[in-house]
Amino acid sequence: MSELFVRTLREDPADAEVPSHRWLVRAGYIRRAAPGIYTWLPLGYRVLRNVERIVREEMDAIGAQEVHFPALLPKEPYEASGRWTEYGESIFRLHDRKGADYLLGPTHEEMFTLLVKDMYSSYKDLPLSLYQIQTKYRDEARPRAGLLRGREFVMKDSYSFDIDDEGLAKSYAAHRDAYIKIFNRLGFEYVIVHAMSGAMGGSASEEFLAIAENGEDTFVRSPGGYAANVEAVRTPPPEPLPYDDAPAAHVEDTPDTPTIKTLVDLANARFPRTDRPWQPSDTLKNVVLMVSEVDGSRHPLVIGVPGDREVDMKRLAAQLEPAEAEPFSDEDFAAQADLVKGYIGPARFAGAAEPDAWLGEDSLTKIRYLVDPRVVVGTRWVTGANEPGRHIFDLTCGRDFTPDGIIQAAEIREGDSAPDGSGPLTLARGIEMGHIFQLGRKYAEALGLKVLDQNGKLVTVTMGSYGVGISRAVAAVVEGTCDEMGLCWPRELAPFDVHVVAAGKEEVVGRAAADLSVQLDEAGVSVLLDDRSVSPGVKFADSEILGMPTIVVVGRGLANGVVEVRDRRTGEQVEVTVEDALTEILAAVHDA
RNA sequence: CGGGGCGUAGCGUAGCGGCUAGCGCGUCUGCUUUGGGAGCAGAAGAUCGCAGGUUCGAGUCCUGUCGCCCCGACCA
């Protein structure tokens with residue numbers, strides 16, 4: 001270790017917030033080179049390669065073949081698929097000396113598709129799975145948390161090519177199984193959730209999330225086994241209610257009630273219900289948004305949700321993609337005088353000139369109106385009358401207003417029922433470690449990947465796409481394993497199997513430590529030997545920060561013919577005689 | 001791109017218009033020390049993010065700019 005290129009820091013770096021970032025920097029595993037871009041130092045690089053090794057083994061095991069594309073790519077394939085523009089700002093673009101456009105690959109669907117198109121043309125060549133471990137580039141709006149969201153990151157991406165959907169299902173299942181094996185070996189707790197396929201396109205997709213406080217994704221689980229990213233949760237609409245006996249809608253003066261709370265308070269004071277008090281869930285909250293389409297056009301959108309729920313912007317964004325939504329600004333309100341902030345409702349108030357439906361594409365305003373699935377035919381609401389200080393009561397869906405459709409954008413809350421009826425949902429956070437997609441024919445179609453089938457007819461190939469964040473996995477493992485003393489690697493990922501600390505200045509200590517290290521090395525165990533001439537305290541502290549799973553201390557016990565073997569994770573420590581040390585340590589290493 | 005915080009030596013920081021920019025860690029030299037981040041003595045290391053401006057005088061005030069961190073909008 002006296003020669004190892006490493007420097008541990010005694011204090012936390014000021015710019016590191018999350019534990020993985022903090023410890024990887026403090027332990028000298030990585031170093032920041034630029035925003036969201038990190039240099040791998042010797043210890044860190046060994047971990048990264050261990051992750052790669054595991055991924056390779058499991059990908060090879062399902063018959064996927066490794067290839068390697070350039071990271072520097074020409075524009076044309078991405079133009080053909082539409083992603084040159086779709087990816088927008090988050091793609092690194094550059095020019096060669098002739099002015100031709102290039103990009104640093106954010107992902108490689110196009111390149112794989114074209115490669116297969118180039119080489120294969122028959123159904124007999126399929127199925128095929130290819131993968132690569134490649135450095136990817138995305139000019140993230142906000143790189144953060146060290147390796148967890150960088151602008152340069154290492155990813156394993158693989159692609160399956162099949163003649164039909166049945167084949168795709170098989171390839172998808174094979175990858176799914178391989179991923180389960182990979183994530184089991186990486187040694188963190190994870191969950192497989194239903195996901196949105198997002199910009200990738202395609203149908204079914206699932207995410208592998210490492211369960212972690214610092215994760216960016218929120219997911220739900222039910223006791224019955226349902227699991228989904230919140231963005232993918234589909235709230236089922238309740239049965240429609242009969243409304244023949246429902247009272248007619250009526251407008252009431254409700255001064256100074258721009259918020260749900262003030263409205264409910266006033267309703268209880270002035271218009272008390274006989275059966276129970278008014279609740280926020282009796283009101284219909286209408287949120288206005290400005291939607292920007294990919295082509296640059298902008299139009300307002302009103303979303304109706306029960307008053308006790310917020311609109312979840314992430315869920316909304318996932319629904320509208322690739323269009324983007326932002327809250328209605330004051331200028332937007334000024335430009336759209338019909339919309340009365342705080343008193344927006346789907347229907348014109350009774351007695352007005354046009355008492356008909358007020359929102360919706362067939363209505364007077366032509367503003368698209370989408371509602372939460374809970375707003376079904378027959379439900380009765382208290383909602384804005386589109387006049388300052390007035391609300392409509394008993395406004396009945398299907399009778400008094402007709403939404404343009406439903407949207408899954410309301411927040412999901414702890415305790416909500418799972419869509420499949422498998423019980424109440426609990427929420428937790430996770431780090432997206434893997435994402436598998438049944439892409440279908442999007443890219444094959446865009447790029448013309450077709451093969452001849454048994455009947456000599458050209459058919460478009462169907463594809464799957466599967467990613468594992470390799471560099472992210474390093475950080476995710478740290479998030480799940482580090483403690484207040486430092487890193488704490490699972491066996492398969494540790495840069496070295498054993499950390500031998502020579503504690504003591506005596507020559508015999510140094511010699512014994514070195515001898516033991518050589519023996520271990522010859523026995524096939526990788527060893528980090530701390531032979532520095534610093535005080536034992538420094539060595540102990542460093543051994544804990546660096547986090548090798550087994551720490552062997554050769555020091556004062558040597559006088560009695562013993563050395564100490566510590567387990568970094570449990571802190572358990574046993575003394576073994578020098579003669580037994582080798583077998584004991586080998587047992588510890590191979591045991592776990 | 002919005003909101004907030006912050007840029008002073010490799011790392012962590014003090015300095016709040018006034019002298020030669022201070023301290024701790026780390027680094028180097030020498031001596032002492034060696035089971036929980038040692039002691040003493042000495043040394044190297046900073047155009048105070050950058051560019052303008054105000055002032056007799058700017059790390060300190062103003063403007064701009066670049067960058068970092070956090071929270072939101074976007075994604076492995």
Side-chain angles (χ1 to χ4, degrees), chain A residues 7-18 21-22 25-26 28 31-32 34-36 86-91 106-108 133-157 195-200 207-210 214-217 229 231 289 292 312-314 316-318 320-322 324-327 329 430-437 465-476 485-486 501-506 509-510 532-545 553-559 564:
Chain A
R7 183 112 303 152
T8 57
L9 301 177
R10 195 180 288 211
E11 278 159 305
D12 286 334
D15 60 354
E17 201 71 18
V18 300
H21 187 194
R22 205 162 60 222
V25 172
R26 263 189 75 173
R31 207 81 163 174
R32 195 186 77 99
E86 220 172 83
Y87 253 95
E89 296 269 76
S90 51
I91 213 165
T107 174
H108 284 74
I133 291 175
Q134 185 38 286
T135 305
K136 308 285 187 186
Y137 298 86
R138 292 186 197 169
D139 193 359
E140 292 283 343
R142 184 156 84 89
R144 59 174 290 276
L147 295 179
L148 284 177
R149 174 162 301 284
R151 298 197 295 170
E152 177 186 289
F153 57 95
V154 179
M155 179 168 137
K156 186 285 301 180
D157 50 324
M196 298 287 290
S197 41
M200 217 52 94
E207 285 174 341
F208 289 70
L209 299 179
N214 287 309
E216 295 180 282
D217 287 16
N229 193 306
E231 291 166 21
L289 301 150
S292 305
D312 180 328
M313 291 307 281
K314 280 200 166 185
L316 175 69
L320 296 179
E321 190 159 31
E324 290 178 8
E326 53 194 292
S329 67
I431 301 166
E432 184 178 357
M433 295 312 312
H435 202 155
I436 54 180
F437 300 88
S465 143
Y466 318 88
V468 173
I470 304 268
S471 48
R472 177 180 281 181
V474 175
M485 294 186 295
V501 173
K505 62 170 179 179
E506 300 83 9
V509 169
R532 298 174 299 174
S533 57
V534 294
S535 71
V538 173
K539 294 186 178 183
F540 293 143
D542 277 349
S543 74
E544 280 141 9
I545 291 176
V553 180
V554 180
R556 65 180 175 198
L558 209 55
E564 295 144 41

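Just so it is clear, the values below take in all heavy atoms, side chains as well, and ignore hydrogens, waters and symmetry mates. Each chain gets a letter, A, B and so on, in the order the sequences are listed, and its residues count up from 1.
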Nearest non-hydrogen partners of His108(A) and Lys136(A), listed with the distance |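 Looks like ND1-NZ, 2.5 Å.
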
Specify the closest pair of heavy atoms between Lys156(A) and Tyr466(A), including all atoms of both residues, with the distance to one decimal.
->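 In terms of heavy atoms, the two residues are closest at NZ-O, 3.4 Å.
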
Can you figure out which of [options] approaches the side chain of [X] most closely?
X	options	result
Phe540(A)	G35(B), G26(B), A38(B)	G35(B)
Ala541(A)	G26(B), G36(B), G35(B)	G36(B)
Arg31(A)	G35(B), G37(B), G10(B)	G10(B)
Glu432(A)	A76(B), G36(B), U34(B)	A76(B)
Pro13(A)	A76(B), G12(B), C25(B)	G12(B)
Asp542(A)	A76(B), G37(B), A38(B)	G37(B)
Val553(A)	G35(B), C11(B), G37(B)	G35(B)
Arg556(A)	C11(B), G26(B), G35(B)	G35(B)

In whole Å, what is the span from the [atom1] atom of [X] to the [atom2] atom of [N]?
X	N	atom1	atom2	answer
Ile545(A)	G26(B)	CD1	P	12 Å
Arg532(A)	G37(B)	CZ	C1'	10 Å
Glu11(A)	U13(B)	CD	C1'	8 Å
Arg22(A)	C70(B)	CZ	P	12 Å
Arg10(A)	G24(B)	CZ	C1'	10 Å
Leu9(A)	G26(B)	CG	P	12 Å
Arg7(A)	C28(B)	CZ	C1'	12 Å

Have a look at [X] and say if it touches a base, only the backbone sugar-phosphate, or nothing, with a 4.0 Å heavy-atom cut-off.
X	answer
Gly555(A)	base
Asp12(A)	sugar-phosphate
Gly150(A)	base
Val154(A)	nothing

OP1 or OP2 of A38(B) sitting under 4.0 Å from any side-chain N/O of Ser535(A)?
->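 Yes, within the criterion.
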
